[in-house]
Each structure stands twice: as C-alpha cells, then as structure tokens.
Amino acid sequence: MKSAVETLNPTRVRLTVEVPFEELKDSLDAAYKKINQQVTVKGFRKGKIPARVIDQRFGRGAVLEEAVNDALPKFYTEAVNEAEVNPLGQPEVDITELKDGELLAFTAEVDIRPTIEIPDYSGIEVTVDAVEVTDEDIEKSVEQLRERFASTNPVERAAADGDVVTIDLEAKVDGEVLPDGVAQGVSYTIGSGELLDGIDEAVTGLEAGGEATFTSQLKGGSAEGKDAEVTVKVAAVAARELPELDDDFAQLASEFDTLDELKADSRKRLENMKQFDQATQAQERVLDELLKLAEVPIPEKLLEDEINTRKHNLEHHQLGQMGIDLAKYLEIQGKTEEEFLAETKEQAEKGIKTQFILDELVNKEKLNVSQEELTEHLMRRAASSGMSPDQFAQAVVEGGQVPMLVGEVARGKALAVVVEAAKVVDTNGETVDLEDDEDETETAAEAVEAVTGEAEVAEEKNEA
C-alpha cells in the first residue's frame, strides 16, 4: 500500500491511498463467504456456492463492493498511522479508482488536531480577590444557623413580617377559578418572597380568619404569565422565635461548648471556602491568559458539532428538568436567539481551545494520571452527580468514559503546572501561594471541566 498526505488547512488533511489488488484477497474471501450465507442457488448447498457462480448470478461488482467496504477501515488506519496525524471524527472517503485484479485507490479527507506551539506562560500575571472574612460575615453565618433552629408559636394577633402564616389560596383568570388555582393549608413565611408577588402586602395585618384579594402575575401552572385575581385567607398566624445567641445555643447547634468556639469555627470554614474560591478564580484567569497567548485553529465541523451538542443538552436535559423550553429560557434571560447562539459559539470555541492546548501541554510535560488521582476525581464526580461512587464507576465503565475522566484529570494537572508558573496576587497586592493547596489538581480539573463543557473531543482512527 502507498499513501500520501496533503494538508488542506491547519485542521484538515487529505490522504491519498493506493492499494495493490492482492492486498484485498482476505476481504474478497470474506465477501464471498458472507454472500454465500445470504443467498441460495438451485443445485448448490447453502454456503457452498462457487465464486464463479456468485459472479455470474449476482455480479462481480457486488462482491467488490462488499470487499472494499470491509477493507477500507484497515487501509485508512494504516494511512493515518503512516502520516502520523490525529484524526477527529469520521473521514469523508471517495473511491477514485477500482480496477478489478489491479488496483484500489481512494482519498480520505478528515479533520485533525492542529499542531500547537505551547507559548511561554512563565510571564502570566493575574489578580484575584483577597481572602477576607469580616465580623459581619461571621455574624451572618451564625444567624443563618440560628434561623435553622427557630421555633414557631401560634399567636392571636395580626400577621407581621417574619411570621409564618397558614393560608388558603384561590386564583381566578377572567372570573373563572383555574383548575390548578386552588391550594389549602399552605405554610408561608411573610417576606420570604417564595410565593406570588403581592402576597406579602395582602396578608400583612390580617388575623386568623382574615381574607384579602390581590392581583398577581402567575409564575407557573396552566395560566402561567397571566394576571390572576388571587384570594388569600389566613387560617393561622405563628410567630418565629429564635434561640438566644449564647453558649447553650452553641451546644445545641454544634459540637462546641461555647459561642466563641462556634464563631471561631465559622471563621475558619469561611476562610477555607474563600481560599477555594480564590484558587478557582486564579485557575480560571490563568487559563484565560494562556488562551490569549496561544494560536489554536478549530476545525469547523468540530465547532459545529460542539455548538449543537451544547444546545441539545440545554434544551433536552437542563431545561427539560426545569419544565421550560428554550423560548421561555431566553425570555427569562432577556436574550435573543442570536445572542444565545453567539454566546454558545464563544463558549464552544473556548472549550475546544482549552482541551487542545492542555492536551498538548500534557504531552509536552509527559504528565501521567495515577490510580489514586483518578479515584479521587471519580469520587468527586460521583458526589456532584448524586450517585454513589460504585454506581458512578459502573456507569463510567459501561459507557466507555474512563478515557474521558483520565483526560479531565490530566488537563487539570496541566493547568496546575501553568498556575504554579504564573504570578498570582490578590486585590491587596499580596502574592498568593497556591502550591500548598492539596486539592490543586482536582480543583484545576473542575475548572477545566467547567470550560470544556459538554463534549469530549474524540480521536477516531479505526473507522472510515
């Protein structure tokens, strides 16, 4: 077999392949055998029809077509390996010559991973938010914990902000009660904003047995988006009582004996959270700077597929679970379809560029993924998916997604290498040292995965 490669552009090549006819022998034999099992000829047992009879009855062309279809993937793979290119997706194959007994010639055009020059990233500088935990932050954290331990007690007075009321609701549109417009015994905290617009004003000042009517635009249900006349009746009023902020509360709400110890723990937790956010911010901003430095051409077909994948997943998975369609989503976001598609294209381009350049960095730095690193990443992905580690691992193996997870970790390690070489300072001008972060590789992997998003760029060498 002879092959040659022609570069059409930085992301696409044409392979020209010539195969001597004798190299088709195995595929021809397989073609005759396959046809033998599919047809019957009077006077011959099934599977025992001579080749010359098959040629006479069904035509030599049918045999050649079957043989060529069988042989093409093998010859295409050999040509790819000989040319040392990394195909992306399926090739477009064109048989240019087929001379029985002499020659098979074909061309295969396919997108490839572009050759990328890793830029000098040692001069990257980024600024991130400083890790600052104020007394106000701690008070807010403790207050949220206090809210969780609040109790309610019935009161015989008018409802006020912060009270919990038990209410009955009836919604009418054009004077007709909606089929799904009646609810009874609903518990609602005044001021929470969890129900209809206008309900806080309607129930405030009402005692048990009191009733009010107001107009509100419905947020869901059969008349979503329409103005409804809503009647609300208060069945009961209860006051929320918060526990005293003292050592007894600390013992009730935590493992600590004193309120000071509880506040100290809150400070530590908030600092850890802000340090994690700071590390993620650093990784994201360093990645943005790296992408600015690198020239990364993108195959048009790959970009088109990635855009379609992201759009499909949004429409059929995320929005489907929310019970809304794309038009409603765009209305909520205040975007036109053109703006949405432009943003999706920009995100897809960034995701592909990120994957290409970090994969190249993985190869350059010879970064490997250990079993321990893969297991840790799998555990985190399982937790975020709501599955047990065993369930997630089984789904990954059955779906052939292990290489995808390995790639995510490897890219995380590549980004960590760049971050370590970069200068990171906070908004106070202080140098931020991220090298002590034990989870640096994992947080970097999560940062990369958030950018690369929906689709994994697959290299396919075995199909034509």
Side-chain angles (χ1 to χ4, degrees), residues 121-148 250 253-256 258-292 350 354 358 361-362 365 367 369-370 372-386 389 405 408-453:
Y121 49 78
S122 61
I124 290 178
E125 295 184 17
V126 297
T127 301
V128 295
D129 295 337
V131 174
E132 295 176 337
V133 178
T134 65
D135 291 342
E136 184 181 346
D137 292 331
I138 297 171
E139 294 300 328
K140 183 178 179 181
S141 175
V142 172
E143 190 63 25
Q144 288 173 343
L145 182 61
R146 189 182 178 207
E147 291 276 351
R148 288 168 51 191
S254 71
E255 70 272 29
F256 301 105
T258 68
L259 185 59
D260 287 342
E261 289 175 332
L262 174 60
K263 288 184 176 181
D265 181 68
S266 294
R267 180 180 293 276
K268 183 178 179 180
R269 285 189 298 103
L270 289 171
E271 285 177 347
N272 288 339
M273 288 172 57
K274 291 199 173 188
Q275 284 171 348
F276 180 87
D277 291 342
Q278 186 187 64
T280 301
Q281 194 178 71
Q283 289 154 355
E284 291 172 348
R285 293 182 179 180
V286 167
L287 177 59
D288 286 341
E289 293 303 313
L290 177 65
L291 294 179
K292 290 177 185 177
K350 183 176 181 180
T354 296
L358 292 183
L361 195 54
V362 167
E365 298 291 340
L367 301 175
V369 176
S370 68
E372 182 181 354
E373 290 168 331
L374 181 59
T375 300
E376 182 182 354
H377 186 61
L378 186 147
M379 298 279 281
R380 294 211 183 191
R381 286 290 301 271
S384 64
S385 71
L405 288 187
E408 288 175 359
V409 179
R411 291 178 203 118
K413 295 183 76 168
L415 178 57
V417 168
V418 182
V419 173
E420 287 174 10
K423 181 179 180 181
V424 182
V425 297
D426 65 20
T427 48
N428 293 331
E430 298 292 329
T431 299
V432 177
D433 184 5
L434 300 173
E435 294 184 14
D436 294 333
D437 183 2
E438 295 180 359
D439 297 325
E440 183 181 3
T441 295
E442 185 58 34
T443 55
E446 292 176 2
V448 172
E449 200 273 331
V451 173
T452 53

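Side chain of Asp426 to main chain of Asn428: a donor-acceptor pair is present (N/O by atom type, distance under 3.5 Å, no hydrogens or angles). Side chain of Asp137 to main chain of Thr134: a donor-acceptor pair is present (N/O by atom type, distance under 3.5 Å, no hydrogens or angles). Within the 3.5 Å criterion, the main-chain N or O of Val362 finds no donor-acceptor partner in the side chain of Lys413.
Heavy-atom minimum distance, Leu361 versus Ala414: CD2-O, 3.5 Å. Lys423 and Val425 make their closest contact through CE-CG1, 3.9 Å (heavy atoms, listed as atom of the first residue, atom of the second, distance). Considering every non-hydrogen atom in both Val286 and Ala422, the closest pair reads CG2-CB, 4.0 Å. The shortest non-hydrogen separation linking Ala253 to Leu145 is CB-CD2, 3.8 Å. Of all the heavy atoms in Ser266 and Val142, the pair that sits closest is OG-CG2, 4.1 Å.
Here the straight-line distance linking atom NZ of Lys140 with atom CG of Leu270 works out to 10.0 Å at 0.5 Å rounding. Rounding to the nearest 0.5 Å gives a distance of 12.0 Å between CZ of Arg411 and CG of Leu287. Rounding to the nearest 0.5 Å gives a distance of 8.0 Å between OG1 of Thr354 and CG of Asp288. In this structure, Arg148 CZ and Gln144 CD are separated by 9.5 Å, a value rounded to the nearest 0.5 Å. Remark: Glu408 CD to Leu378 CG distance equals 10.5 Å, nearest 0.5 Å.
Put simply, the residue from Arg269, Glu261, Arg267, Lys263 that forms a side-chain contact (heavy atoms from CB on, under 4.5 Å) with Asp265 is Arg269.
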Output, in order, the C-alpha distance, side-chain angles, deciding distance and verdict of side chain to side chain contact (heavy atoms under 4.5 Å, CB included) for Val451 and Glu284.
CA-CA 9 Å; Val451 173; Glu284 291 172 348; 5.8 Å; no
Would you sort out whether Leu358 and Leu290 count as a side chain to side chain contact (heavy atoms under 4.5 Å, CB included), showing the intermediate values?
CA-CA 10 Å; Leu358 292 183; Leu290 177 65; 4.2 Å; yes
The test is side chain to side chain contact (heavy atoms under 4.5 Å, CB included); show your working for Leu262 and Leu259 and say whether it passes.
CA-CA 5 Å; Leu262 174 60; Leu259 185 59; 4.1 Å; yes
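Counting heavy atoms from C-beta on, the side chains of Tyr121 and Val417 come closer than 4.5 Å.
Salt bridge Arg285/Glu289: absent, no basic N to carboxylate O contact under 4.0 Å. For the pair Arg146 and Glu143, the salt-bridge criterion is met [side-chain N within less than 4.0 Å of a carboxylate O].
Using modelled atom types, one finds a donor on one side chain and an acceptor on the other under 3.5 Å when comparing Gln281 with Asp129.
Residues satisfying the salt bridge (Lys or Arg N to Asp or Glu O under 4.0 Å) test with Glu125, not counting sequence neighbours, are none.
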